[in-house]
Amino acid sequence: MNKGALALLVHGGTDNWSPVRWMKRFGDVCPDRPVVQMPDASFDPTKVHYAAVWKPKPGDLAGFPNLRVIFNLGAGVDALMADSTLPDLPLVRVAVPDLTERMTEYVVLHALMHHRQELYLRESQRVKRWSPQPQWAANAITVGIMGLGALGAHAAGVLRHVGFKVVGWSRSPKEIAGVPCFHGEQLDAFLRQTDILVCLLPATADTRQILNRGLFEKLNRDSPMGAPVLINAGRGALQNEADILSCLEDGTLGGASLDVYVKEPLPTDSPFWTHPKVVLTPHNAADTDPDEISKYVAQQIERFEAGGALDNVVDRGRGY
Ligand code: NDP
Ligand code: OXD
């Protein structure tokens with residue numbers, strides 16, 4: 001067995017990131033290649049050609065002199081980009097239908113939850129209040145998606161099928177059937193139309209804290225929902241959490257679904273936990289499935305070794 005080894009560096013905390021589970025899957029899909037869970041002081045680091053990682057410790061990847069490709073086991077590479085010692089090698093991220101469809105489920109679920117006044121109705125049930133409020137049609141609501149990449153573009157199509165109007169905003173111009181697309185400097189025009197703001201941006205130097213009071217104040221104030229709503233499943237670094245709380249308090253925002261936070265796990269003293277206008281999930285909008293992603297990585301390695309191109313290589317200059 002002289003194939004270059006695959007080193008597994010997985011840190012995450014939650015069950016989905018159990019290194020044992022990932023080791024087992026990579027062992028199954030790379031039967032003729034050493035797969036080593038790091039740290040392993042007994043393994044010669046010069047034998048490592050590939051690394052499959054989730055939140056490795058800064059400096060860890062610099063320890064493999066013959067590394068050829070780094071595979072990030074999620075879609076977002078912000079944790080890796082923050083490592084100034086990251087080797088200058090192809091960095092591949094996850095963009096697969098399995099992850100994309102899971103994220104679309106989350107986005108549609110939460111858009112519908114706010115559109116159908118679920119927070120009000122659940123509270124009504126709790127207090128035995130038979131007092132429905134007027135309803136409006138999905139096509140009276142515009143969902144604005146920030147980030148029209150693998151995830152945003154797919155969610156846009158499904159939201160359209162549900163009946164919402166959908167608009168999108170990205171860095172470069174895009175064309176999506178039935179979805180007016182804005183880019184760059186056209187942000188304000190995009191925000192003016194938006195009733196439900198869905199954020200599926202990567203965290204980069206350009207997008208840090210983009211979800212702030214100034215931006216929320218530009219959202220459509222004439223929504224049938226009374227006030228616009230925020231859904232953020234991108235990254236916590238995109239949001240100013242004090243601004244979200246104060247905008248929920250003063251009605252600039254009518255509600256928020258948050259999956260990601262500046263600090264994760266979310267500290268138990270965060271006001272988000274108990275806020276009546278917040279629907280909170282623990283960064284599980286779209287899990288990366290070890291079965292799917294280990295196959296994806298193994299196939300890419302086979303193709304790379306046969307002289308083929310890698311898919312979904314991160315542009316280090318852009319940071320995503
Ligand atoms: P992509 O790289 O495919 O898409 C990113 C989109 O954001 C692109 O449309 C890009 O524009 C746009 N964008 C980036 N920077 C800017 C900017 N400065 N201004 C305007 N638009 C910008 O990423 P994915 O769709 O695959 O994933 C998006 C993010 O979702 C990930 O980076 C990750 O943080 C998060 N995520 C969260 C998960 C969760 O469970 N909560 C799971 C998976 C991902 P352009 O098209 O012009 O390049
Ligand atoms: C990802 C994530 O980036 O899980 O894939 O957040």
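Counting convention: from 1, in listed order, for ligands and their atoms alike. Model, not experiment: these values are computed from the prediction.
When the heavy-atom distances from atom 27 (O) of ligand 1 to L151, D78, L148 are ranked, the shortest goes to L151. Counting heavy atoms only, P202 comes closest to atom 32 (O) of ligand 1 of the residues A153, A203, P202, G319.
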Can you give me every donor-acceptor pair (side chain of residues 145-152, partner residue at least two apart or in another chain, under 3.5 Å) with its distance?
none

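Heavy-atom proximity to A233, at under 4.0 Å, picks out these atoms of ligand 1: 35 (C), 36 (N), 37 (C), 38 (C), 39 (C), 41 (N). In summary, the atoms of ligand 1 found under 4.0 Å from a heavy atom of D206, numbered by their order in the structure, are 18 (N). Counting atoms of ligand 1 from 1 in the listed order, those under 4.0 Å from a heavy atom of G149 are 1 (P), 3 (O), 4 (O), 6 (C), 8 (C), 9 (O), 25 (O).
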For ligand 2, list all ligand N or O to protein N or O distances below 3.5 Å, rounded to 0.1 Å.
from     : atom 1 : to   : atom 2 : distance (Å)
ligand 2 : 3 (O)  : A75  : N      : 3.1
ligand 2 : 3 (O)  : G76  : N      : 2.7
ligand 2 : 3 (O)  : R235 : NH2    : 2.7
ligand 2 : 5 (O)  : A75  : N      : 2.7
ligand 2 : 6 (O)  : R235 : NH1    : 2.8
ligand 2 : 6 (O)  : R235 : NH2    : 3.3
ligand 2 : 6 (O)  : H283 : NE2    : 2.6

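At a heavy-atom cutoff of 4.0 Å, ligand 1 is contacted by no atom of M146, backbone or side chain. Within the 4.0 Å heavy-atom criterion, both parts of L201, backbone and side chain, lie near ligand 1. Contacts between H183 and ligand 1, counted as non-hydrogen atom pairs separated by less than 4.0 Å, are absent for every part of the residue.
F64 has its ring centre no less than 6.0 Å from the ring centre of H49. Checked against the 6.0 Å centroid threshold, W17 and W22 count as a close aromatic pair.
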